[in-house]
Number of protein chains: 2
Amino acid sequence: MNDPFKALAHPIRRGIVERLAEGPATVGEATAGFGVSKPAISKHLKVLEETGVVTRVVEGRTHRLSLEPEVLSVAADWMDQQRALWERFFDVVDEYLSEKEST
Amino acid sequence: MNDPFKALAHPIRRGIVERLAEGPATVGEATAGFGVSKPAISKHLKVLEETGVVTRVVEGRTHRLSLEPEVLSVAADWMDQQRALWERFFDVVDEYLSEKEST
DNA sequence: CGGATCGTTCACTATCTGGTTAACCGTAGC
DNA sequence: GCTACGGTTAACCAGATAGTGAACGATCCG
């Protein structure tokens, strides 16, 4: 699975991303207070890792997580592109209408 | 349900958004060629409508779909914000390191 | 060594998701 | 009026997802 949208579709995973956006953190730090068991956290992290949104480096018995912002860029760019196309469509319509009106 | 990320988590729904980005279309036009039955399409449209990504106006027996780009903006802005925070974090680290080095 | 800590894997369950077919509703057109 | 068309609703099914508790692995520390 390599779909950043799917990875960000769960609020807990977006919460983890939000915390990592402020700097790298261990699993415990990045996931405290979500009110969910440790295995659940572990699975969410796996999803984020598999899509490349988050990377992990093992330091002794703790794991340090980092955000990988390029993947977010890909998704954000897709959205911006759809919006841009949509706005271009309206430009074309306006142009057509004003041409029609002037004849 | 009001989660744009969840709405965009499925490739067929993103495909629909891509087509609507080029201008409004009927259900049949916007969803042709996805290789899936009509009820499946209907459900995907319902999700997109419920999150506000797409709006619908009934015209006789056809339904005309339009993209609602503001909702995409919200999601794109979230991603950009995470990225910006992350970059700011590195700026702070760099600053700290260069100060440390200069003492 | 022995206990505590950080985090994972295993086995299992309940719910959600995405798909199907069949039937239906409203409109368009002969 | 009747049939064709665009699209939805209903009922159902298989697989994915999100959660749990229990056990484990590895590291740190007394």
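Order of the sequence lines sets the chain letters (A, B, ...), proteins ahead of strands, with each chain counted from 1. Since the model is a prediction, treat every value here as computed from it, not as a measurement.
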* Taking a hydrophobic cluster as the set of Ile, Leu, Val, Met, Phe, Trp and Tyr residues connected by side-chain heavy atoms closer than 4.5 Å, whether directly or through intermediates, do Leu72(A) and Val74(B) fall within one such cluster? ->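 Unlinked, Leu72(A) and Val74(B) end up in two clusters.
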
Value in whole Å for how far the [atom2] atom of [N] lies from [atom1] of [X]:
X: Leu45(A); N: dG7(C); atom1: CG; atom2: P; answer: 9 Å
X: Lys46(A); N: dT8(C); atom1: NZ; atom2: P; answer: 11 Å
X: Ile16(A); N: dA18(D); atom1: CD1; atom2: C1'; answer: 13 Å
X: Lys38(B); N: dA4(D); atom1: NZ; atom2: P; answer: 14 Å
X: His63(B); N: dC5(D); atom1: NE2; atom2: P; answer: 17 Å
X: Asp3(A); N: dA16(D); atom1: CG; atom2: P; answer: 15 Å
X: Arg14(B); N: dG18(C); atom1: CZ; atom2: P; answer: 11 Å
X: Glu50(A); N: dA18(D); atom1: CD; atom2: P; answer: 12 Å

Side-chain N or O of [X] versus OP1/OP2 of [N]: is the shortest distance under 4.0 Å?
X: Lys6(A); N: dT17(D); value: yes
X: Ser37(A); N: dT20(D); value: yes
X: His44(A); N: dG19(D); value: yes

Taking C-beta and beyond as the side chain, do [X] and [Y] meet within less than 4.5 Å on heavy atoms?
X: Gln82(B); Y: Pro69(A); result: no
X: Leu8(A); Y: Met79(B); result: yes
X: Val54(B); Y: Glu68(B); result: no
X: Thr62(A); Y: Val27(A); result: no

Side-chain donor-acceptor pair under 3.5 Å between Trp86(A) and Glu22(B), yes or no?
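Result is no, nothing qualifies.
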
Exercise. Select from His10(A) and Glu49(B) the residue whose nearest nucleotide in DNA chain D is closer to the 5' end of that strand.
Key: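 It is Glu49(B), whose closest nucleotide lies nearer the 5' terminus.
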
> Considering heavy-atom distances to DNA chain D, does Lys43(B) or Ala40(A) have its closest nucleotide positioned more toward the 5' end?
Replying inline: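 Checking each residue's closest nucleotide, the 5'-ward one belongs to Lys43(B).
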
Quiz prompt | Geometric cation-pi criterion, Arg19(B) with Phe34(B): 6.0 Å, 45° | solution =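 The answer is yes; both the distance and angle limits are met.
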
Kindly calculate the angle separating the two end axes of the helix from dC1(C)-dG30(D) to dC30(C)-dG1(D), each obtained from five base pairs, and round it to 10 degrees.
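Answer rounded to 10°: the end axes differ by 20°.
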
Item to complete: Output the single nucleotide from dG19(C), dT8(D), dG19(D) whose closest atom is nearest the side chain of Val36(A).
Response: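 Of dG19(C), dT8(D), dG19(D), dG19(D) is nearest to the side chain of Val36(A).
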
Closest listed nucleotide, where the reference is the side chain of Pro39(B) and the choices are dG18(C), dT9(D), dT8(C):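 Closest nucleotide among those given: dT9(D).
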
### Query
Between Arg88(B) and Asp91(B), does at least one N-O distance fall below 4.0 Å, as a salt bridge requires?
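Between Asp91(B) and Arg88(B) there is no salt bridge, as every charged N stays at least 4.0 Å from the carboxylate O atoms.
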
So which heavy atom on Leu65(A) is nearest to which on Ala30(A), and how close?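 Taking every non-hydrogen atom into account, CD1-CB, 4.2 Å.
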
Check: Which pairs with one or both residues in residues 38-63 of chain B pass ring-ring contact (aromatic ring centres under 6.0 Å, His included), sequence neighbours excluded?
Finding: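 Output for this query lists His10(B)-His44(B).
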
Inset, instruction - Could you check which residues of residues 53-62 of chain A get a heavy atom under 4.0 Å from DNA chain D? Sort them by number, please. - result: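 Those residues are Gly60(A), Arg61(A).
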
Exercise. Would you indicate what Arg13(A) reaches in the nucleic acid, counting non-hydrogen atoms under 4.0 angstrom: base, sugar-phosphate, or nothing?
Key: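 Sugar-phosphate contact only - Arg13(A) comes under 4.0 Å of backbone atoms but never of a base.
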
